[in-house]
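I have placed the structure first, in the form of structure tokens, so that the comments after it can refer back to it.
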Amino acid sequence: MILLASTNANVGFPAGMEILRKGGSALDAVEATIRPVEDNPADRTVGFNGYPNILGDLELDASIMDGRTRESGAVGALKGVIPAISVARKVMETLPHVLLAGAGADRFAAEMGFPQTEALLNPDVIAAREAILKQDMTDTEFATLATSDNLRQWVRLATDPERTYGTVNVIAQDANGNIACGVSTSGWAWKYPGRLGDSPIIGAGNYADNRYGAAACTGMGEMAIRASTAHSIVMAMKLGKSLTEACELAMEDLNALGGNFIGRMNLIALAKDGTPAGYSSLPGKTFIYQTDEMETYVEKERTLVEIEERWAE
Ligand code: ASP
């Protein structure tokens, strides 16, 4: 039994481990681990008080995958409803679909009884958006952004690589050996409205298959979408590669992408024998995991595989 995650999931580990220790399912553990992260106002990259899109609206992406059956549920650009991970799970459990986006996702969340959350952003995040955007634009341009016919230009400036990003990734393997994987994010800060990252795209930011293992990503979602990164890792293990080889292959494949990208990627992955791994294109990045024999989680440095920076202004 193991719970493996990006380091910002530490606030959810007590809830997730309790489920696993009581013999609960990997799926329940993943959802329970992510929910406190979505509720954590100090986390700027997931759920409540995450950084919004360029117009100041929070748009959440989340997905969950059950490695027993590879059934999956996801929401993209969900506005106003937290917990996004639980809405994603309901998509999986109650609809013949995998992914709902935008107004349809909001409608479905309401139909399933999730309340609309009124104040999604604290004043500190509202002020941070204004301060950051005004580095590039005048007061008038900022005030009229909602009707701008050149939002793409501002998005390009505001999604500078040095500005913030992040997501929560959680993989669990329960006492029965079943594996599940969940991902939740407010996405790239100051993104174009309606932009979906890798987090709600099964195979890009999230993949789980009991037969081989699971993988999840944080970083520049556009890269993970283009390289189908999470699925690539699991597929490599299916083809006989070790966990290490599979992760290295996926990182090398990202580095081989052409065109413009920011070059930031972090992976966590689990082999079906319960071995965890963490990789990053940046030095010093960590991940956490806990098994049933451990009293608390351990934080480990991710293996560094550099990805060349290819971001042009
Ligand atoms: N992968 C997320 C996205 O592209 C952001 C991140 O993890 O940094 O939306």
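Counting starts at 1 for both ligands and their atoms, following the listed order.
Counting heavy atoms from C-beta on, the side chains of R70 and R211 come closer than 4.5 Å.
No hydrogens or angles considered: a donor-acceptor pair under 3.5 Å links the side chains of R35 and S86.
Using cut-offs of 30° and 60° for the angle between ring planes, the F13 and Y297 rings count as perpendicular.
Ion pairing of D28 with R89 is present here, as a side-chain N (NZ or NE/NH1/NH2) and a carboxylate O approach within less than 4.0 Å.
Under 4.0 Å from any atom of ligand 1, one finds heavy atoms of residues Y165, G166, T167, G187, W188, R195, G197, D198, T218, G219, G221.
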Mind running side-chain contact (heavy atoms from CB on, under 4.5 Å) on R21 and D292 for me, showing each step along the way?
CA-CA 7 Å; R21 286 194 199 286; D292 41 344; 4.0 Å; yes
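Evaluation of the side chain to side chain donor-acceptor pair (under 3.5 Å) test over residues 100-115, restricted to residues two or more places apart or in two chains, returns none.
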